[in-house]
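Presented below is the structure to which this report refers.
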Amino acid sequence: MAEAGGITTESVAGDRARAARTMLDQVVLPGEELLLPEQEDAEGPGGAGERPLRLNAGTRSRGRVVCGPGLRRSGDRLLVTKCGRLRHKEPGGGSSGGGVYWVDSQQKRYVPVKGDHVIGIVTAKSGDIFKVDVGGSEPASLSYLAFEGATKRNRPNVQVGDLIYGQFVVANKDMEPEMVCIDSCGRASGMGVIGQDGLLFKVTLGLIRKLLAPDCEILQEVGKLYPLEIVFGMNGRIWVKAKTIQQTLILANILEACEHMTADQRKQIFSRLAES
Amino acid sequence: MQADAKIRTESATESGPRGPSCSLRHFACEQNLLSRPDGSASFLQGDTSVLAGVYGPAEVKVSKEIFNKATLEVILRPKIGLPGVAEKSRERLIRNTCEAVVLGTLHPRTSITVVLQVVSDAGSLLACCLNAACMALVDAGVPMRALFCGVTCALNADGTLVLDPTAKQEKEARAVLTLALDSVERKLLMSTTKGLYSDAELQQCLAAAQAASQHVFRFYRESLQRRYSKS
């Protein structure tokens, strides 16, 4: 019986678990397992003699490592569940803990997370609550009392089809998401119904995070171009309004294209627009 | 000749890792090519090409919802004609494979829909559908516990094994086996077979498929790394 060649000696075992620290900023795939720093010494011979390079020779205190989006705990290791770049953030100032690990992935579909500020569209008014479409698997509920200065007599002026900027107070996989338009002190702080006109468009979640990063210059450059009002929702929706419709459309196109452009191409486009 | 049946010439224009013992056809993959679905991928194996789109986790009808995990739906559309019984059975096989791998418990009462469109069929269709579905699920960001791939083996009357057979080889073969393997330990997720074969031949095909799957997974890794290196 003829044998298919070349398969006998190859090991069929899956990838060995690797130290999380050696995989930072690299692309990880679903199914890979990562070892946390404290476990690296214990691996020894099982890791085929590999020892990760330690940059700081001091011992690391065993703190609590937070497992962010894209990672799950499996036993005492981290299992990667989404494809993307592995990132790590050290815990701030002196506090114990191993920091946060997460996977930066590119996604279009939003999953509600507690505390996220999102832009929703009111789809129905039923009794005392509004049903708001936030782009997730089910519409979020928004109580009419969750607006600044709203009482039973003084109802907010919200119609079906309005845009709402609010944050989630309840968002987990088992319950229907609930959002509010006030913060914990009862003030609106920018949330509520978004005004007339303007344009709402959808982008990927990664682009929103990139634009909202503290060191992002795209927003400042756009601001220098035209005076504008802009609202970012973590569910991938951006609402933008400028003086004329043409300017609004130009801004929308620039923001959508930002995802694929390099910094130089962007500067070229901005300078060309600034001249005209 | 036996050797000719096993080793196919490689048209090495584009992506697809090759070893001297690997007799898989040239493959290529493209992700995020459709604008409406949450994830999409196109997978080519030789002349067989399948386009996949994934929607999810999205709203689900109350009649179809499952209280503690996501409802996975697979829709397979043939190139010509209306979908028939063969498509239904393939849909079920693909759905069973995906359900074993997707972490549905993270999104209860939602639906994850995989839509597959056959663009061209030149043999090993089910394996190509499985590969396209996997790439599309990764593109959509659906949480998975491992990647999976499909490999087809054909056994000829004289006992030779051909991996990734063309349509002609499938028709002339004594048995055709399609196996789905996962990426963590190359375990078998799904197998569907047609024809006559012995127990030893089954083990042989499984071993060959496991070896071939390493090439496929390496290709997945390269293509995903290339995608993320652009950003």
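Model, not experiment: these values are computed from the prediction. Reckoned from all heavy atoms, side chains included, excluding hydrogens, waters and symmetry mates. Quick note on labels: first sequence line is chain A, next is B, and so on, each numbered from 1.
For chain A, the nearby part of B/Thr105 is the backbone; its heavy atoms alone come within less than 4.5 Å. The part of B/Asp139 that comes within reach of chain A is its backbone (N, CA, C, O), which places non-hydrogen atoms under 4.5 angstrom from that chain. Contacts between B/Ala58 and chain A at a heavy-atom distance below 4.5 Å involve backbone atoms as well as side-chain atoms. Contacts of B/Leu103 with chain A are made by side-chain atoms alone, with heavy-atom separations under 4.5 Å and no backbone atom involved. Of the two parts of A/Met261, neither the backbone nor the side chain holds a non-hydrogen atom closer than 4.5 Å to a non-hydrogen atom of chain B. Within the 4.5 angstrom heavy-atom criterion, only side-chain atoms of A/Val111, from C-beta onward, approach chain B. For A/Asp174, the parts sitting under 4.5 Å from any heavy atom of chain B are the backbone and the side chain alike.
Of the charged side-chain nitrogens involved, none lies within less than 4.0 Å of a carboxylate oxygen, so that B/Glu170 and B/Lys194 do not count as a salt-bridged pair. A salt bridge links A/Glu32 with B/Arg221: the closest approach of a Lys/Arg side-chain nitrogen to an acidic carboxylate oxygen falls below 4.0 angstrom.
Contact tally against chain B (heavy-atom pairs below 4.5 Å) for A/Gly206, A/Gly70, A/Pro30: the top residue is A/Pro30. If you tally non-hydrogen atom pairs under 4.5 Å between each of B/Thr110, B/Leu106, B/Val101 and chain A, the highest count goes to B/Leu106.
Checking A/Gln167 against A/Lys114 by side-chain atom types alone, no donor-acceptor pair falls below 3.5 Å. Residues A/Thr262 and A/Asp264 have side chains that never bring a donor and an acceptor to within less than 3.5 angstrom of each other. With no hydrogens or angles considered, a side-chain donor-acceptor pair links B/Gln45 and B/Asp164 at under 3.5 Å.
Counting only distance, with no hydrogens or angles, the side chain of A/Arg237 and the backbone of A/Met234 share no donor-acceptor pair below 3.5 Å.
Ring planes of A/Phe168 and A/Tyr110: parallel class, angle under 30° (limits at 30 and 60°).
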